S.K.: 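Following this message is one structure expressed as structure tokens.
On a predicted model such as this, the values are computed, not experimentally measured, just so you know. Values below: every heavy atom of this structure, side chains too, minus hydrogens, waters and symmetry copies. Every chain is numbered from 1 and lettered A, B, ... according to where its sequence line falls, protein lines coming before strand lines.
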Amino acid sequence: MLSLQFIREHTDVVRKSLADRQTASGDAAIDEILRLDERRRALLAEVEALRAEQNAAGKQIGAAKDPVERQRLIDAMKSVSTRVDDLTPILGAIEGTLDGLVMEIPNIPDAATPYGKSEDANRVAKQHGEEYTDAWRKPHYVLGEALDIIDFERGVRLSGSRFYVLKGAGARLQRALIAFMLELHIDKHGYREMYLPAMVKEETMWHSGQLPKFRDNLYHDAEEDFWFVPTAEVPLTNMHGGEILEPGTLPLHYVAYTPCFRREKMSAGRDVRGIKRGHQFDKVEMYKFCEPERSADELEAMLEDALNVCRALDLRYRVIEICTGDLGFNAARTYDVEVWSSGLGEWLEVSSVSNCGEFQARRANIRFRREPGGKPEFPHTLNGSGLALPRTMIAVMENYQREDGSIDVPDVLLPFMGGIARIGADR
RNA sequence: GGAGGGGUCGCAUAGUGGCCGAGUGCGGGCGCCUGCUAAGCGCUUAUCCCGAGCUAAUCGGGAUCGAGGGUUCGAAUCCCUCCCCCUCCGCCA
């Protein structure tokens, strides 16, 4: 979130941010925030002055020996007490409203984020390999059913639309990808592996910025305060919630594999075919906490870490630089990574690598000290997929398919496949 | 799920209505002293918010004793609700 002080003192920057993000009601929201903030501070001054009076009187009353004098002082404070009781709920209500409004203001785009009105203005920053296909190439959902490694029908039987079952070598292929990605990030890229809760409390969703904006996209338990994570970014952000990290702690590089759950209400009817967009999917997520001045470099490094997965799998990829109009709520700067799938004949987003600046750290109240006794500062946080499994599966299946309908297993996955080098050939 | 115990300043503890934002010990920091990496002595030891100030040093005020409500002129202390931890029983991947 943004600090009230920042909104107050850099109102023009915030207004520009909202305009660049194509937020229609941005100005009205800022006006309301400024108005409430002014009222809040006026009321706060009054309440605090009264409290100071109470505190001072409290000491006198405590010290008063003469019962008559004592009673006189107590009676005198009753009106002050009443006034405080009157004002406090008003102040509380204003702070509540204000807090709610500020929570809905998105992060300020980084200066490096290009301006653009919508995703059409995103530009390809880097591309490795050209689009290609062949007449005989099939989409993964055809391959998957023919090889009996993806079962859509049974997924629907169990859970409804947007669910599927991976079977045999299909399930194993995904597990191999997960293991390969994790080990690459741990052993070669220096991340520390985390096994995380897939359900978190509501508060945690606010801290990482999923709430209130994306309430419609989240699943939660009807009876208890359990919310299903839509990405490991949520628990990872909160790993150090409320902490002040000691000098020498940063940077922290974490990697976690989790299932992710999304309602996908926004994309009803889109991408319904195949495994491209399900309510449940797996993802390996990278996450960093670092000093503010290092986050730009850390972002580039994280992008490379994601691309290294694509390279190791010999996938054709491109990097999309997200423009202001398409930037996510929490992000100041984002690269998307897409890989080419030769069966569907499209680029698939397998990763989104973002620098959130101090936006999430402020929400989750994560701070660090540069030196012992130093002033606490907010670290920057970064997150990136490394990678999302279903789309990586699609690309691998479609790009490694042979004309006879079998699928070669990429070399780097062989150690995890228990001797299966080709799916469908020796079944 | 049942019964009991407990949550106070980095750690350990003291504290049953005002002299407690909070004592003591340990740990950490600064300084003094001591003719040797010890002992001793003194000081210090959180975070956030509002205001003033050169968007400074700093100063004034407010808040925070698991969280939220309540009683009261006044709550770490009393009452209620919730959360978490520990012990035992039950159940269980």
S.K.: Provide the distance between the two C1' atoms, one in B/rG31 and one in B/rU87, to the nearest whole Å.
M.R.: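 Result for the C1' pair: 48 Å, nearest Å.
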S.K.: Can you give me the closest heavy-atom contact between A/Val353 and A/Ala306, atom names plus distance?
M.R.: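 Residues A/Val353 and A/Ala306, closest heavy atoms: CG2-CB, 4.4 Å.
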S.K.: Tell me which nucleotide among B/rU47, B/rC50, B/rC73 gets nearest to the side chain of A/Arg367.
M.R.: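 Nearest listed nucleotide: B/rU47.
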S.K.: Partner lookup for B/rC88, please. Criteria are Watson-Crick or G-U wobble with both distances under 3.5 angstrom; report none if nothing qualifies.
M.R.: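 Because both required distances fall under 3.5 Å, B/rC88 counts as paired with B/rG2.
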S.K.: Searching all strands shown, indicate the nucleotide that pairs with B/rG40 (Watson-Crick or G-U wobble; both distances under 3.5 Å).
M.R.: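 When the pairing criteria are applied, B/rC32 turns out to be the nucleotide that pairs with B/rG40.
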S.K.: Grab the CD-P distance between A/Glu243 and B/rG10 for me, whole Å please.
M.R.: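 From A/Glu243 CD to B/rG10 P: 13 Å.
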S.K.: Which nucleotide in the list B/rU47, B/rG74, B/rC50 gets nearest to the side chain of A/Ile244?
M.R.: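 So the side chain of A/Ile244 is nearest to B/rU47.
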S.K.: Where do A/Phe180 and A/Phe416 land on the side-chain contact (heavy atoms from CB on, under 4.5 Å) test, with the steps shown first?
M.R.: CA-CA 8 Å; A/Phe180 166 70; A/Phe416 306 98; 3.8 Å; yes
S.K.: Working to the nearest 0.5 angstrom, can you tell me the gap between A/Gln71 CD and A/Leu73 CG?
M.R.: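 With rounding to 0.5 Å, CD (A/Gln71) is 9.5 Å from CG (A/Leu73).
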S.K.: Give a yes/no answer on whether the side chain of A/Arg51 brings an N or O atom under 4.0 Å of OP1 or OP2 in B/rG61.
M.R.: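 No.
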S.K.: To the nearest Å, how far apart are A/Phe378 CZ and B/rU47 P?
M.R.: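 It is 13 Å, rounded to the nearest whole Å.
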S.K.: Using Watson-Crick or G-U wobble geometry with both distances under 3.5 Å, which nucleotide pairs with B/rG51?
M.R.: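 Paired with B/rG51, as far as the under-3.5 Å criterion goes, is B/rC59.
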S.K.: Nearest to the side chain of A/Arg369 - B/rC50, B/rA46, B/rC73?
M.R.: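 Closest nucleotide among those given: B/rA46.
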S.K.: For the pair A/His240 and A/Phe289, evaluate ring pair (Phe, Tyr, Trp, His ring centres under 6.0 Å) and give the outcome as yes or no after the intermediate values.
M.R.: CA-CA 10 Å; A/His240 298 288; A/Phe289 298 88; 5.3 Å; yes
S.K.: Could you work out the separation of B/rA52 and B/rU45 based on their C1' atoms and round it to a whole Å?
M.R.: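 After rounding to an integer number of Å, I get 27 Å for this pair.
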S.K.: Quote, to the nearest angstrom, the P distance that separates B/rC48 from B/rA93.
M.R.: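 Those two atoms are separated by 48 Å.
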S.K.: CG of A/Asp85 versus P of B/rA75: gap in Å, rounded?
M.R.: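 Computing the A/Asp85:CG to B/rA75:P distance gives 10 Å.
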S.K.: So how far is it from A/Thr392 OG1 to A/Leu177 CG, rounded to the nearest 0.5 Å?
M.R.: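 It is 6.5 Å, given to the nearest 0.5 Å.
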S.K.: Quantified in whole Å, what is the P atom distance between nucleotide B/rU77 and nucleotide B/rG42?
M.R.: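 B/rU77 and B/rG42 have their P atoms separated by 34 Å.
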S.K.: If you measure from the P atom in B/rU47 to the same atom in B/rA39, how many Å do you get, rounded?
M.R.: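 It comes out at 29 Å once rounded to the nearest Å.
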S.K.: Scan every strand shown for a Watson-Crick or G-U wobble partner of B/rC9, both distances under 3.5 Å, and answer none if you come up empty.
M.R.: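 B/rC9 is unpaired by these criteria.
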S.K.: Rounded to the nearest Å, what distance is computed from the CD atom of residue A/Glu246 to the P atom of nucleotide B/rG27?
M.R.: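 In whole Å, B/rG27 P lies 18 Å from A/Glu246 CD.
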S.K.: From the options B/rU47, B/rU55, B/rG21, select the nucleotide whose nearest atom is closest to the side chain of A/Pro376.
M.R.: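 When the side chain of A/Pro376 is considered, B/rU47 is the closest of B/rU47, B/rU55, B/rG21.
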S.K.: Choose from B/rC49, B/rU55, B/rC73 the nucleotide whose nearest atom is closest to any side-chain atom of A/Gln54.
M.R.: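 Of the candidates, B/rC73 comes closest.
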S.K.: Here's a test of your reading of the structure: between A/Gln5 and A/Lys375, which maps to the more 5' nucleotide of RNA chain B?
M.R.: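 Taking each residue's closest nucleotide, the earlier one in sequence belongs to A/Gln5.
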S.K.: How many Å lie between CG on A/Leu44 and P on B/rG62, as a whole number?
M.R.: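 Rounded to the whole Å, the gap is 12 Å.
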S.K.: With a 3.5 angstrom cut-off on both distances, give the Watson-Crick or G-U wobble partner of B/rC19, or none if there isn't one.
M.R.: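 For B/rC19, the partner nucleotide comes out as none, under the 3.5 Å rule.
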S.K.: I want to verify a distance call: between B/rG21, B/rG18, B/rC49, whose nearest atom is closest to the A/Lys59 side chain?
M.R.: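 Among the listed nucleotides, the one closest to the side chain of A/Lys59 is B/rG21.
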S.K.: Among B/rC73, B/rA63, B/rC50, which is the nearest nucleotide to the side chain of A/Glu48?
M.R.: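 Between B/rC73, B/rA63, B/rC50, the one nearest the side chain of A/Glu48 would be B/rC50.
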S.K.: Which part of the nucleic acid does A/Arg72 contact within heavy-atom distance under 4.0 Å: base, sugar-phosphate only, or nothing?
M.R.: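 Contact class for A/Arg72: none.
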S.K.: In whole Å, what separates the C1' atom of B/rG17 from that of B/rU13?
M.R.: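 Taking atom C1' in both B/rG17 and B/rU13, they lie 22 Å apart.
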S.K.: Under 4.0 Å: is that the gap between some side-chain N or O of A/Ser81 and OP1 or OP2 of B/rU72?
M.R.: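 For B/rU72, neither OP1 nor OP2 has a side-chain N or O of A/Ser81 closer than 4.0 Å.
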S.K.: Please figure out whether A/Ala52 or A/His10 has its closest RNA chain B nucleotide nearer the 5' end.
M.R.: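 The residue whose closest nucleotide sits nearer the 5' end is A/His10.
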S.K.: So, OP1 or OP2 of B/rC48: does either fall under 4.0 Å of a side-chain N or O from A/Asn365?
M.R.: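 For B/rC48, OP1/OP2 do not have a side-chain N/O of A/Asn365 under 4.0 Å.
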S.K.: Can you tell me if A/Arg123 uses its side chain to pair, donor with acceptor, with the backbone of A/Glu321 under 3.5 Å?
M.R.: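 Side chain of A/Arg123 to backbone of A/Glu321, a donor-acceptor pair under 3.5 Å: no, none is there.
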S.K.: Can you measure A/Ile61 atom CD1 to B/rG18 atom P for me and round it to whole angstrom units?
M.R.: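 The answer, rounded to whole Å, is 13 Å.
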S.K.: I'd like the C1' distance from B/rC20 over to B/rG74, given in whole Å.
M.R.: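 Nearest-Å result for B/rG74 against B/rC20 at atom C1': 13 Å.
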S.K.: Nearest-Å distance, CZ (A/Arg70) to P (B/rC73)?
M.R.: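 The distance from CZ of A/Arg70 to P of B/rC73 comes to 12 Å, rounded to the nearest Å.
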S.K.: What's the spacing between A/Met302 CE and A/His189 NE2 if we round to 0.5 Å?
M.R.: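 Answer for the CE-NE2 pair, A/Met302 versus A/His189, is 11.5 Å.
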S.K.: Taking NZ, NE, NH1 and NH2 as the nitrogens, is one of them in A/Asp75 or A/Lys78 under 4.0 Å from a carboxylate oxygen of the other?
M.R.: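 So A/Asp75 pairs with A/Lys78 through a salt bridge.
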S.K.: Quick one: A/Arg362 CZ to B/rU47 C1', roughly how many Å, whole number?
M.R.: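 These atoms are roughly 15 Å apart.
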S.K.: Using the C1' atom on both, measure B/rC33 against B/rC41 and round to a whole Å.
M.R.: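 Result for the C1' pair: 8 Å, nearest Å.
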S.K.: Just name whichever nucleotide pairs with B/rU64, Watson-Crick or G-U, keeping both distances under 3.5 Å, else none.
M.R.: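 Pair assignment: B/rU64 / B/rA46.
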S.K.: Phosphate oxygens OP1/OP2 of B/rA63: is one of them under 4.0 Å from a side-chain N or O of A/Asn55?
M.R.: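 A/Asn55 to B/rA63 OP1/OP2: side-chain N or O found under 4.0 Å.
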S.K.: Applying a 3.5 Å limit to both distances, which nucleotide forms a Watson-Crick or G-U wobble pair with B/rA76?
M.R.: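 Looking at the geometry, B/rA76 pairs with no nucleotide.
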